[in-house]
There are 2 protein chains.
Amino acid sequence: MPRRPLPLAEGPAERADAARNRQKVLNAAREVFASKPPDQVTMDDIARAAGVGRATLYRRYPSVAAVAEALLDEHESAIQHRILTGEGGFSPTRPPSERLWALYEALLELLDTHAALVLGSEIGRARYSTGAYGVWHTYVRSLLDEAGIEHSRTMADVLLAPLAADLFLHVRSRRNGRRQLAETLRRLAASVLDGR
Amino acid sequence: MPRRPLPLAEGPAERADAARNRQKVLNAAREVFASKPPDQVTMDDIARAAGVGRATLYRRYPSVAAVAEALLDEHESAIQHRILTGEGGFSPTRPPSERLWALYEALLELLDTHAALVLGSEIGRARYSTGAYGVWHTYVRSLLDEAGIEHSRTMADVLLAPLAADLFLHVRSRRNGRRQLAETLRRLAASVLDGR
DNA sequence: GTATAACCGGACATGCTGTCCACTTGTTGA
DNA sequence: TCAACAAGTGGACAGCATGTCCGGTTATAC
């Protein structure tokens with residue numbers, strides 16, 4: 001979780017009251033996002049729920065999307081860590097198609113529990129401009145390169161497209177949708193990477 | 001292009017001034033959408049450009065998205081007509097993978113010339129709730145059923161996901177992106193439907 | 001030619017955004 | 001310990017978009 005806004009080099013430590021407010025904001029935002037559709041969440045909602053003024057909120061987060069992204073960050077980082085260390089199904093010894101499936105599984109799980117946050121983090125900007133998307137994309141691309149697939153950059157975008165939050169919610173709203181999506185993606189991974 | 005709003009049974013004919021205004025609105029909207037990002041287009045912009053009052057605009061179109069959809073409608077209808085009549089690559093005698101590719105080609109072409117409108121028609125609601133999406137989905141699903149693919153409903157959503165307008169724009173912004181996307185989708189169609 | 005209904009456009013109330021500014025509080029250094 | 005300074009805070013404000021309402025206007029039917 002990012003501690004301070006932009007100053008990359010460590011400036012003076014964060015003040016105690018600011019840290020306290022950050023937590024208040026994050027906790028309050030969690031509840032707000034749980035209580036109504038993400039596109040209806042306003043900065044005012046979050047500020048009021050946290051018991052702080054609007055300017056205090058804007059000081060750290062420029063938009064509702066930024067708040068959602070901050071909430072999402074720790075969950076996404078956990079997956080990124082697993083990828084880097086090769087834990088779970090991400091071991092480099094496994095074939096690319098299985099590692100792609102491992103990513104699919106992890107992202108489905110993330111969407112299942114935090115779809116509202118993902119949707120919220122995409123308000124007003126494209127999914128592709130978020131930092132997390134870049135990580136997933138880089139990983140998928142490396143798998144495709146390893147398998148010798150052409151146009152890996154584009155194919156990586158195509159293979160990640162079915163994990164858009166709005167599509168996930170649409171499919172999940174159907175009976176057995178969640179399970180069928182998992183099975184379908186597993187077949188897709190095998191289809192594209194193993195040619196079967 | 002839908003002539004009147006809701007009254008499905010033909011009521012009294014549309015008044016001449018109303019018809020004139022509809023054309024003014026549609027023409028003006030085309031230019032407005034061409035002049036700025038679709039998510040920045042307001043009802044006020046369109047009304048002013050058309051030289052009509054806001055209420056006049058609201059009378060027929062409840063939102064900016066509805067205006068964009070009206071503009072898009074004739075282009076989408078053209079594709080739907082080709083599907084129904086089996087023109088172009090949609091002949092039922094061709095294998096499903098080739099017909100899926102024909103749909104991909106048609107939709108890529110549509111996005112290429114009207115991406116802003118597609119994006120505009122998705123403002124404030126999911127792509128999946130638009131009428132056009134339902135048509136593409138039904139067609140893809142029938143192709144999958146014909147090929148004996150399981151969970152055809154879900155797979156159809158997955159296969160249409162790469163044609164989301166925002167993904168298209170993202171990929172097209174890269175060098176050769178448009179061409180690579182076409183090739184990639186062609187391979188995807190073959191991969192999934194022909195198992196190669 | 002008149003009655004009627006559809007149509008029109010400006011005005012209005014509401015809600016959200018992002019910024020500004022005067023006040024408060026924590027932190028640093030003498 | 002305490003003063004001085006910087007960071008943090010919250011309410012208020014202006015700007016903008018939305019969606020509706022209503023008095024006036026114009027086309028169509030009789």
Side-chain angles (χ1 to χ4, degrees), chain A residues 2-29 32-33 35-68 70 120-121 123-125, chain B residues 2-29 32-33 35-69 120-121 123-125:
Chain A
R3 307 238 81 216
R4 309 203 79 226
L6 285 188
L8 294 179
E10 289 299 334
E14 183 179 43
R15 268 172 50 166
D17 53 345
R20 222 178 313 125
N21 270 358
R22 175 206 305 290
Q23 276 313 315
K24 279 203 292 183
V25 165
L26 255 26
N27 290 335
V32 174
F33 276 110
S35 73
K36 58 164 77 173
D39 57 332
Q40 286 178 32
V41 173
T42 71
M43 290 296 259
D44 223 47
D45 288 333
I46 300 173
R48 194 169 358 229
V52 306
R54 299 164 43 66
T56 303
L57 189 53
Y58 273 105
R59 162 169 290 268
R60 234 177 305 262
Y61 305 103
S63 66
V64 174
V67 179
S121 73
I123 291 172
R125 66 179 152 175
Chain B
R3 305 239 82 216
R4 310 203 78 226
L6 285 187
L8 294 180
E10 290 299 333
E14 183 180 44
R15 267 172 52 166
D17 53 347
R20 222 176 315 126
N21 269 357
R22 174 207 306 287
Q23 275 314 314
K24 279 203 292 183
V25 165
L26 253 28
N27 291 334
V32 173
F33 276 110
S35 73
K36 58 163 78 174
D39 56 333
Q40 287 179 32
V41 173
T42 71
M43 289 298 259
D44 223 45
D45 289 334
I46 300 173
R48 192 165 5 224
V52 306
R54 300 164 45 64
T56 303
L57 189 54
Y58 272 106
R59 162 170 290 268
R60 235 176 306 259
Y61 305 104
S63 66
V64 174
V67 179
E69 200 173 351
S121 74
I123 291 171
R125 66 177 151 173

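Lettering follows sequence order; numbering is per chain, from 1.
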Return the minimal non-hydrogen interatomic distance between [X] and [Y], and the atom names on each side.
X: A:I123; Y: A:P38; value: CD1-O, 3.3 Å
X: A:F33; Y: A:G120; value: CE2-CA, 4.4 Å
X: B:R60; Y: B:P62; value: O-CD, 3.9 Å
X: B:K36; Y: B:V41; value: CG-CG2, 3.8 Å

Rounded to the nearest Å, what distance is computed from the [atom1] atom of residue [X] to the [atom2] atom of nucleotide [N]?
X: B:K24; N: C:dC7; atom1: NZ; atom2: P; value: 15 Å
X: A:I46; N: C:dG18; atom1: CD1; atom2: P; value: 12 Å
X: B:R60; N: C:dA6; atom1: CZ; atom2: C1'; value: 11 Å
X: B:R59; N: C:dA6; atom1: CZ; atom2: C1'; value: 7 Å
X: A:Y61; N: D:dT9; atom1: OH; atom2: P; value: 12 Å
X: A:K36; N: C:dG15; atom1: NZ; atom2: P; value: 12 Å
X: A:R22; N: D:dA7; atom1: CZ; atom2: P; value: 16 Å
X: B:D44; N: C:dG10; atom1: CG; atom2: P; value: 11 Å

Problem - Gap between atom CG of B:D45 and atom CE of B:M43 - 0.5 Å precision - result: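 CG of B:D45 is found 11.0 Å from CE of B:M43.
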
Exercise for the section: Please examine the side chains of B:Y61 and B:I46, heavy atoms only from C-beta on, and report whether any two atoms are closer than 4.5 Å. Expected result: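 No, too far: nothing below the 4.5 Å cut-off.
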
Handout entry: Contacting residues from residues 48-57 of chain B, given that a heavy atom lies under 4.0 angstrom of DNA chain D
Key =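 Contacts with DNA chain D under 4.0 Å: B:R54, B:A55.
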
